[in-house]
Participant: 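There's a structure below that I have some questions on.
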Amino acid sequence: MEMLDIFLGSAGKALSNRDIELDLEDPDRITVYRTLKTFEQKGLIHQVMDGTGVTKYAICIDDCDDHSHHDEHAHFRCEKCGKTTCLDGGITLPSDIPNGYQIKNAHLVLEGRCADCS
Ligand SMILES: [Zn+2]
Ligand SMILES: [Zn+2]
Ligand SMILES: [Zn+2]
């Protein structure tokens, strides 16, 4: 529950396992990991690939439930402070996908300066 508060308190911002551990009073790496997996399965948070190689999670802003995620939105990574945020609004997928290909996930990362840094 404490972990969900952390996510809600930083709405739209992607957090890594380490960010969350730093915010907890008595962090336990395994519990943090398991809780993230549980939240993800319940459709509360989604994985964010921001090109840093570190898996981050952010609260779902789309209509996600415990069966499927619909987080087809872009992420923005600030090159200065390193903050990654979810951008509302969908991304347009290419219409000419070869026959037989199935898209499961789409990751679009925009880089630049956030409002605090520009
Ligand atoms: Zn989701
Ligand atoms: Zn910034
Ligand atoms: Zn997102």
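Read the numbers this way: they start at 1 and go in the same order the structure lists the ligands and their atoms. Reckoned from all heavy atoms, side chains included, excluding hydrogens, waters and symmetry mates.
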Participant: Looking at Lys56 and Asp19, is there a salt bridge between them, counting it only when a charged N and a carboxylate O are closer than 4.0 Å?
Facilitator: no
Participant: Would you compute the distance between atom SG of Cys81 and atom CG of Asp116 and round it to the nearest 0.5 angstrom?
Facilitator: 6.5 Å
Participant: Let me confirm one number: the OG1-CD1 distance from Thr38 to Ile45, rounded to the nearest 0.5 Å.
Facilitator: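 Thr38 atom OG1 to Ile45 atom CD1 measures 9.0 Å (nearest 0.5 Å).
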Participant: Check for me whether the distance between the ring centres of His70 and His46 falls short of 6.0 Å.
Facilitator: no
Participant: Mind checking whether the Zn ion (ligand 1) has an N, O or S of Cys64 under 2.8 Å?
Facilitator: yes
Participant: Is any N, O or S atom of His46 under 2.8 Å away from the Zn ion (ligand 1)?
Facilitator: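 Under 2.8 Å: His46 has no N, O or S contact with the Zn ion (ligand 1).
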Participant: Of the backbone and side-chain N, O or S atoms of Cys60, does one lie nearer to the Zn ion (ligand 3) than 2.8 Å?
Facilitator: no
Participant: Closer than 3.5 angstrom, by distance alone: can the side chain of Ser10 be matched with the main-chain N or O of Ile6 as a donor-acceptor pair?
Facilitator: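 Judged by distance alone, yes, a pair lies under 3.5 Å.
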Participant: Within less than 2.8 Å of the Zn ion (ligand 1), any N, O or S from Asp71?
Facilitator: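 So Asp71 does bind the Zn ion (ligand 1) by this criterion.
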Participant: So which N/O/S atom does His69 have closest to the Zn ion (ligand 1)?
Facilitator: ND1
Participant: If you have a sec, read the angle at the Zn ion (ligand 3) from His75 atom NE2 over to Cys86 atom SG, to 10 degrees.
Facilitator: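 The NE2/SG angle about the Zn ion (ligand 3) sits at 110°.
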